[in-house]
Amino acid sequence: MKIYNTLTRKIEEFSPINPPHVGMYTCGPTVYDYTHIGHLRKYIGDDILRRVLTASGYEVKHIQNVTDVGHLTSDADEGDDKLEKGAKDRGETVWEVAKFFTDYFYKSLDQVNVLRPNTVCRATEHIGEQVKLLEKLVEKGFTYQTEEAIYFDISKFPGYGKLSGQKLEDQKTGARKEVVVDTNKKHPADFALWFFTVGKFKDHTMKWSSPWGEGFPGWHIECSAMSMEYLGDSLDIHTGGIDHIPVHHENEIAQSEAASGQPFVKYWVHHEFLLVEGEKMSKSKKNFYTIDDIKNKGFDPLALRYLFLTAHYRDKLNFTWKSLEASQNALDRLREIIRDWDEPKIGCAQYEQDFMKAVNNDLNIPQALAVMWDMVKSDPPVGEAGYPSSAKAKTILEMDKILGLNLEKYLGKQVEAPEEVMHLVRKREQARNTGDFKEADKLRKEIKKLGFVVEDTPAGSKIKKI
Ligand code: AMP
Ligand code: ZN
């Protein structure tokens with residue numbers, strides 16, 4: 001498999017540190033607001049990567065964090081802790097808010113058929129690991145302390161900026177908002193590892209004791225601490241949205257490599273954004289739709305997954321209702337076609353090969369979808385041998401292990417008709433069995449009035465929606 005590595009800025013041949021095992025860490029959600037479909041694009045992208053690795057024979061261990069500690073997120077306004085604010089607005093505790101939105105996140109992901117990680121790790125349940133990592137950094141001299149926080153001193157880590165390609169002098173752009181607040185920071189891009197519950201954080205609800213005083217961890221350290229806890233000092237793959245490159249992931253590298261002295265991640269994979277009217281869909285811009293909005297407009301969540309499969313993960317995708325409608329139509333058409341297929345047998349080797357070639361080429365899923373449609377539509381020319389539907393059925397199930405469109409539910413299956421229709425279908429079968437074709441014809445018309453057609457096949461009656 002070939003994959004684009006943000007660290008080297010090249011498409012590289014994937015070769016894990018300890019095959020066939022692959023350690024994959026995907027940055028999870030901050031849980032103070034609803035998961036939107038922009039998030040879903042990123043997590044579907046991760047899911048595809050994981051499925052491709054599994055299909056290629058690797059044993060993937062997939063770890064994901066949940067940022068349930070309230071602090072300044074990259075999205076937040078200066079001094080604004082969104083989790084604390086969300087709790088106040090909703091009249092709930094920060095713990096309740098975090099739980100509610102974590103549940104909403106995983107429920108949203110389930111609906112678009114994203115496989116659950118092998119381990120979900122909550123930041124609040126791993127304070128000990130974060131403190132341990134911090135102790136190591138303090139011991140090794142990579143930190144300094146002010147009244148407000150303990151910071152990572154980026155001037156002590158020569159590799160700082162290697163992921164984003166930014167020079168230290170330019171790092172101001174990536175600096176977080178707390179820069180402005182704490183005048184004792186040495187460099188704007190130095191980042192907090194531990195905040196003390198003083199000053200503006202005096203009333204912070206979430207707090208823990210530490211060897212340096214009561215407080216709570218900074219955002220970046222949770223990902224370093226938890227990924228290394230579950231996957232060791234060096235991971236094969238780490239993913240995130242492209243917004244994570246210049247700050248969050250740069251900081252993760254600095255913390256992890258400073259502490260362990262080992263390379264932190266072999267392949268960095270970053271997903272492009274979902275846009276709406278040309279702008280990034282985001283919580284703070286309030287230009288977002290949730291999976292419930294999609295369903296309330298009559299769409300199937302898997303039509304959204306299909307839509308995301310039509311764009312390469314490193315390309316921007318502008319969301320429109322029209323494009324979602326086109327995806328819903330394509331998915332409906334596909335489901336209708338495969339209902340008529342026979343039991344899966346043997347498979348279509350050439351199409352499978354072409355499909356895998358596309359997905360193994362830096363996850364070219366749009367190309368893989370095109371291969372799938374070529375196969376679906378292929379008909380042997382008159383008088384020539386071609387793939388029977390049983391072979392296509394076998395292959396489409398293989399392809400769907402990666403696409404994740406739940407096609408098995410439709411393959412060779414008739415439309416689920418209401419009981420009223422099924423009753424008429426059974427009566428018609430009886431009439432045919434007793435040779436009463438007049439009655440059978442009358443029943444066929446009644447079935448049609450209810451919106452279904454019935455076809456007679458050697459395997460029995462097949463029902464289709466009109
Ligand atoms: P957050 O919960 O805001 O930290 O976001 C969680 C993940 O979703 C991050 O990896 C973001 O990069 C990603 N993300 C947020 N908004 C979008 C978007 N509009 N399109 C794609 N990914 C996004
Ligand atoms: Zn992270």
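Please read all numbers here as calculations on a predicted model, not as lab measurements. Read the numbers this way: they start at 1 and go in the same order the structure lists the ligands and their atoms.
Inclusion of G240 in the set of residues having an N or O under 3.5 Å from an N or O of ligand 1 is not warranted. The shortest N/O to N/O separation between C27 and ligand 1 does not fall below 3.5 Å. Ligand 1 has no nitrogen or oxygen under 3.5 angstrom from a nitrogen or oxygen of P29. Not one N or O of F273 is nearer than 3.5 Å to an N or O of ligand 1, by distance alone.
Applying the 4.0 Å criterion to heavy atoms of K283 picks out, from ligand 1, the atoms 2 (O), 3 (O). Atoms of ligand 1 found under 4.0 Å from any heavy atom of K42, numbered from 1 in the order shown, are 10 (O), 22 (N). Under a 4.0 Å criterion applied to the non-hydrogen atoms of G38, ligand 1 contributes the atoms 17 (C), 18 (C), 19 (N), 20 (N), 21 (C), 22 (N), 23 (C). Taking every non-hydrogen atom of M281 and a distance limit under 4.0 Å, the qualifying atoms of ligand 1 come out as 16 (N), 17 (C), 18 (C), 19 (N). Short contacts between ligand 1 and K280, defined as distances under 4.0 Å to a heavy atom of the residue, involve ligand atoms 16 (N), 17 (C), 19 (N).
Closest to atom 7 (C) of ligand 1 by heavy atom, among F308, Y32, Y43, is Y43. Evaluated by nearest non-hydrogen atom to atom 5 (O) of ligand 1, the leading choice among H39, H36, H248 is H39.
In this structure, H244 counts as a contact residue of ligand 1, since one of its heavy atoms falls inside 4.0 Å of the ligand.
For the pair R41 and F273, the cation-pi test (distance below 6.0 Å, angle within 45°) is failed. Relative to the six-membered ring of Y144, K186 meets both conditions, a distance below 6.0 Å and an angle of at most 45° to the axis. For the pair K162 and F157, the cation does not sit on the ring face, since its NZ or CZ is not both under 6.0 Å from the ring centre and inside 45° of the axis.
In D243, the part holding a heavy atom less than 4.0 Å from any atom of ligand 1 is the side chain. Contacts between E272 and ligand 1, counted as non-hydrogen atom pairs separated by less than 4.0 Å, involve the backbone only. Contacts with ligand 1 closer than 4.0 Å are made by no heavy atom of R41, backbone or side chain.
Ring geometry for F100 versus Y104: interplanar angle under 30°, hence parallel rather than tilted (30 to 60°). H249 and H270 have tilted rings, their planes meeting at an angle from 30° to 60° on a 0 to 90° scale.
By the 4.5 Å heavy-atom criterion applied to side chains, R339 and L411 are not counted as neighbours.
Among the backbone and side-chain atoms of H220, no N/O/S atom is found under 2.8 Å from the Zn ion (ligand 2). Not one N, O or S atom of H249 sits under 2.8 Å from the Zn ion (ligand 2). Distances from the Zn ion (ligand 2) show that H244 has no N/O/S atom below 2.8 Å.
Side-chain rings of W194 and F152 stay apart, their centers remaining 6.0 Å or farther from each other. Under the 6.0 Å cut-off for aromatic ring centres, Y230 and H126 qualify, their centroids lying closer than that.
Sparse packing is recorded around CD of E147, with 12 or fewer heavy atoms of other residues, nucleotides or ligands lying under 6.0 Å away. The local environment of NZ in K207 is crowded, with over 12 non-hydrogen atoms from other residues, nucleotides or ligands closer than 6.0 Å.
None of Y43, Y34, Y32 except one satisfies the ring pair (Phe, Tyr, Trp, His ring centres under 6.0 Å) rule with F105; the exception is Y43.
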